[in-house]
Amino acid sequence: MADLNQLLLPVIVPATTRAQRVRAGVRDKLRRTWDDRHDETGLDEAVTKMVWLAVGIAVAVAATTFFVGVFNDAQANVPDPVAPTP
């Protein structure tokens with residue numbers, strides 16, 4: 001077992017160190033991105049919310065128009081029921 005440890009130790013230690021550095025770098029980048037995202041200096045929050053509200057309403061109207069059109073097309077393709085002949 002000691003031979004296996006001596007064999008794998010030079011491989012595992014650099015890999016572990018590299019993984020920890022990568023993880024720390026990713027964590028720091030995520031923290032900076034999070035802080036930059038929540039830094040709203042220079043942005044008027046009310047205008048931004050109104051723009052997103054307008055985009056949401058436009059998407060909702062477009063989706064409603066599409067689905068009503070699909071429903072009406074499907075409704076027009078359904079044949080009228082006919083009573084069976086006796």
Side-chain angles (χ1 to χ4, degrees):
M1 188 57 125
D3 294 330
L4 184 60
N5 287 341
Q6 294 298 326
L7 180 68
L8 292 178
L9 197 58
V11 175
I12 292 175
V13 170
T16 304
T17 304
R18 213 172 308 123
Q20 288 174 349
R21 285 183 183 164
V22 168
R23 192 189 83 189
V26 168
R27 185 184 65 222
D28 291 343
K29 183 173 173 71
L30 285 174
R31 173 57 65 188
R32 273 187 268 120
T33 304
W34 183 263
D35 292 340
D36 289 345
R37 169 68 181 92
H38 288 286
D39 180 24
E40 295 182 354
T41 56
L43 289 176
D44 187 8
E45 190 173 335
V47 174
T48 305
K49 285 183 181 179
M50 292 301 285
V51 167
W52 281 112
L53 182 62
V55 168
I57 290 172
V59 168
V61 167
T64 302
T65 304
F66 173 75
F67 287 120
V68 166
V70 169
F71 178 77
N72 287 339
D73 288 344
Q75 190 177 15
N77 291 334
V78 174
D80 292 332
V82 178
T85 57

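What you are looking at is a predicted structure, and each value in this text was computed from that prediction instead of being measured.
From D28, atom CG reaches atom CZ of R23 across 10.5 Å, with rounding to the nearest 0.5 Å.
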Can you give me every donor-acceptor pair (side chain of residues 53-67, partner residue at least two apart or in another chain, under 3.5 Å) with its distance?
from, atom 1, to, atom 2, distance (Å)
T64, OG1, A60, O, 2.8
T65, OG1, V61, O, 2.8

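For W34, the ring-ring contact (aromatic ring centres under 6.0 Å, His included) test picks out H38, with sequence neighbours left out.
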